[in-house]
There are 2 protein chains.
Amino acid sequence: MQRGPERTTARGQPFGDDGIPMIAPIIAPDEQPEPPPLHALQADLIAVLVAVSSGAPRVMTLEGGRALPSGPFELGHRSLQSGLRAWVERQTHHPLGYVEQLYTFADKDRGGEGGARTISISYLGLTREMSGGEGGWRSWYEYFPWEDHRAGVPPVIGGLVAPALAGWSAAAPSRAERDHRRQRAITAFGLDDQPWNEEMTLQRYELLYEAGLVPEAHRTATAADKTVPGTTMMGDHRRILATGVARLRAKIKYRPVVFELMPDTFTLLQLQRCVEALAGRTVHKQNFRRLMEQQELVEETGELTSEGIGRPAKLFRFRHAVLAERAFAGTKLPLARP
Amino acid sequence: MQRGPERTTARGQPFGDDGIPMIAPIIAPDEQPEPPPLHALQADLIAVLVAVSSGAPRVMTLEGGRALPSGPFELGHRSLQSGLRAWVERQTHHPLGYVEQLYTFADKDRGGEGGARTISISYLGLTREMSGGEGGWRSWYEYFPWEDHRAGVPPVIGGLVAPALAGWSAAAPSRAERDHRRQRAITAFGLDDQPWNEEMTLQRYELLYEAGLVPEAHRTATAADKTVPGTTMMGDHRRILATGVARLRAKIKYRPVVFELMPDTFTLLQLQRCVEALAGRTVHKQNFRRLMEQQELVEETGELTSEGIGRPAKLFRFRHAVLAERAFAGTKLPLARP
DNA sequence: GTCGCTATACTCAGTTTGAGCATATTTCGA
DNA sequence: TCGAAATATGCTCAAACTGAGTATAGCGAC
């Protein structure tokens with residue numbers, strides 16, 4: 001949506017998801033009676049850094065694709081977000097553009113042993129540049145092969161996921177629980193002719209986890225035939241990635257964030273392909289451009305593309321002005337007039 | 001939306017906003033090389049606890065309405081959420097039902113002096129019960145008088161807010177900055193016949209903060225005539241409250257969370273009044289009930305109300321089944337068929 | 001019995017949305 | 001050179017959705 005810090009809070013700090021400022025304000029700290037500090041507490045910052053290239057949504061990884069960029073929040077950091085930026089830029093040599101917070105957790109079972117507790121704060125970042133460099137960019141469908149429905153329902157669903165989930169449902173201790181599991185599998189994966197909902201990425205991953213169908217669910221090595229394909233990651237990084245995918249898929253529908261992933265000028269088909277890559281499903285071409293035009297999100301540059309086959313397409317650019325003009329918030333209540 | 005922990009993650013933990021699990025999973029913690037712990041780090045949990053009664057959306061407060069319930073995250077807490085529940089229940093003697101995370105921040109200017117840093121993790125909680133008890137329930141419109149548009153545009157906007165913002169805009173250092181400020185004020189507050197967007201609660205508060213029109217923006221006491229009416233709070237609690245209001249106003253439109261605030265059975269008018277209280281604006285009655293019926297969110301109990309004036313209304317209850325049946329995620333992309 | 005109030009049914013036009021048809025330009029290969 | 005293949009773009013159409021209004025029903029109070 002914005003390039004750099006365009007939408008900002010009263011303190012000049014950028015807004016994130018749902019209009020929530022990414023950084024905390026400057027407030028006179030004088031009244032709250034602070035309780036004694038907690039020992040051995042630390043905070044980790046974890047980034048889901050996304051770009052789209054050659055038709056695939058890519059995520060920046062480390063350790064041969066097994067980890068997301070992350071690092072501890074340090075005393076020197078001005079804010080959580082600046083701490084994150086510092087770490088990611090050091091680890092990936094890649095500047096961070098748009099950033100929004102995903103989620104914070106601090107489970108007892110995580111973190112170091114002994115009394116230490118780790119708070120994990122995850123972020124979603126979007127970028128256009130693709131320096132390659134570290135070579136850590138991976139298609140997120142390597143991690144979630146069942147999520148790409150652009151070429152129809154992927155065979156892994158009918159072939160592996162559905163039967164495995166059926167077995168898990170059947171193994172439920174009670175009839176009610178069995179029906180509940182079935183229902184959840186059906187809605188999450190669009191079985192039984194239920195519609196596929198691309199935004200349920202996290203629920204699907206969690207369902208597979210609960211059913212023991214992803215290796216992360218086991219503390220010991222598991223037979224490969226008992227799990228569903230897809231690259232695993234350290235700790236719960238794959239779950240954080242699923243959170244980022246779900247958030248981004250939801251967000252592109254009501255906020256113009258796709259443009260963060262596009263070059264300055266682009267054709268409508270390129271834009272469409274980008275959206276399709278993220279959503280994991282195809283879009284009706286004519287309706288897509290109708291939508292783009294009537295929302296006035298883009299404007300023609302006046303130029304045409306020459307590259308590629310077929311009739312040359314008009315080049316467009318994002319209308320940054322809409323960020324100031326419009327509010328971007330869905331209204332679904334039947335409002336009465338004043 | 002759900003009562004108690006109905007939608008849960010693979011680890012049996014409840015989902016929060018956007019399907020994000022509220023609690024972190026149980027994962028084998030063995031590979032990540034943990035960096036040295038940060039000294040003097042602590043985490044605060046802050047709750048925006050909401051209920052609706054007698055036509056007003058209420059928030060649980062402490063300290064005579066000047067603070068939100070909060071407390072430190074402690075080693076003994078199983079998770080952030082359970083820590084929050086413990087604190088809130090101890091402070092307010094009020095059980096917590098539906099809970100979702102709002103935002104986490106850790107600004108350098110906040111927290112204790114010296115090297116100590118505080119991470120603030122805020123939550124939104126919804127409840128039906130209204131024990132009164134501590135007497136800490138306040139209408140959130142006490143804090144944001146400009147947010148209640150149920151009886152038309154509140155006079156404080158035309159009388160105070162708009163002129164003050166106009167002055168702030170005029171005082172901008174450059175022409176571009178002046179236009180930008182004007183534009184922001186217009187879209188945020190629905191001036192110049194722009195539509196009012198009730199979801200922009202946070203942006204409005206932040207705008208007033210930036211313009212120096214709320215006392216929190218000043219480190220020293222300010223002349224009352226330079227600020228806009230509305231009860232202030234400690235630190236940035238009012239900003240957190242604004243975040244919660246904005247989140248809830250957005251959420252009631254795409255997830256059936258209103259029912260968390262309703263008694264078990266209710267009339268459609270009661271439900272409508274609850275939505276109106278939260279949204280701060282009125283709703284077209286006939287269309288509202290059409291929406292409720294066609295979405296099959298409620299079912300008749302078969303009984304009628306006798307209390308009150310006018311024709312008795314049918315009583316309804318929330319159809320908990322829809323939580324299992326449906327996915328609840330807006331689709332706004334023009335999707336193609338397979 | 002009429003008034004004030006709320007409940008509920010129905011209508012209607014304008015807009016949005018999903019889907020398809022048709023035509024215009026290019027490149028590429030036979 | 002011509003057509004096939006691929007892309008761009010304009011237009012239509014019906015179903016669904018939405019905002020807003022009209023009409024009628026049932027109840028208590030006076």
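Each chain gets a letter, A, B and so on, in the order its sequence line appears, and its residues count up from 1. The structure presented is a predicted model; accordingly, all values stated were derived computationally and were not measured.
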Under 4.0 Å, heavy atoms only, any strand: does A:L269 hit a base, just the sugar-phosphate, or nothing?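 Sugar-phosphate only.
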Is the distance from OP1 or OP2 of D:dA8 to the nearest side-chain N or O of A:K314 less than 4.0 Å? no
May I ask you to evaluate whether A:K285 reaches the phosphate of D:dT7, defined as a side-chain N or O under 4.0 Å from OP1 or OP2?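 No, A:K285 has no side-chain N/O under 4.0 Å of OP1/OP2 on D:dT7.
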Take B:S53 and B:R58 through the side chain to side chain donor-acceptor pair (under 3.5 Å) test and state the conclusion after the steps. CA-CA 7 Å; B:S53 65; B:R58 309 206 182 256; 2.7 Å; yes
With a 3.5 Å cut-off and heavy atoms only, can you find an N or O donor on one side and an acceptor on the other between the side chain of A:R289 and the base of D:dG10?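 Result: no qualifying N/O pair found.
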For the side chain of A:E293 and the base of D:dT9, is some donor closer than 3.5 Å to an acceptor across the two? no
Atom [atom1] of [X] and atom [atom2] of [N]: how far apart are they, to the nearest Å?
X: A:N287; N: D:dT9; atom1: CG; atom2: P; result: 16 Å
X: B:K253; N: D:dT18; atom1: NZ; atom2: P; result: 13 Å
X: A:H284; N: C:dC21; atom1: NE2; atom2: P; result: 10 Å
X: A:Q294; N: C:dT17; atom1: CD; atom2: P; result: 7 Å
X: A:F266; N: D:dA8; atom1: CZ; atom2: C1'; result: 16 Å
X: A:F288; N: D:dA8; atom1: CZ; atom2: C1'; result: 14 Å
X: B:Q270; N: C:dT8; atom1: CD; atom2: P; result: 12 Å
X: B:L268; N: C:dA9; atom1: CG; atom2: C1'; result: 14 Å

With a 3.5 Å distance limit and no angle check, can you tell me whether B:R138 reaches the backbone of B:M60 through a side-chain donor-acceptor pair? no
Does the ring of B:W196 carry B:R204 above it, NZ/CZ under 6.0 angstrom from centre and within 45° of its axis?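 So B:R204 does make the cation-pi contact.
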By nearest-heavy-atom nucleotide on DNA chain D, the more 5' of A:R290 and A:F316 is A:F316
Does A:R281 come within less than 4.0 Å of A:E198, counting only side-chain N to carboxylate O? yes
Under a 4.0 Å threshold between the charged nitrogen and the carboxylate oxygen, would A:E199 count as salt-bridged to A:R247? no
Considering only C:dG20, D:dT18, C:dC10, which nucleotide approaches the side chain of B:Q286 most closely?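 Taking heavy atoms from C-beta onward, the closest nucleotide is C:dC10.
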Looking only at side chains, do A:E100 and A:Y98 share a donor and an acceptor under 3.5 Å apart? yes
A correct 5'-to-3' footprint of nucleotides 24-30 of chain C, with B, S and - meaning base, sugar-phosphate only and no protein heavy atom under 4.0 Å, is BBBS---
Decide yes or no on salt bridge (Lys or Arg N to Asp or Glu O under 4.0 Å) for A:R249 and A:E147, but give the supporting numbers first. CA-CA 11 Å; A:R249 283 182 169 183; A:E147 292 288 340; 2.8 Å; yes
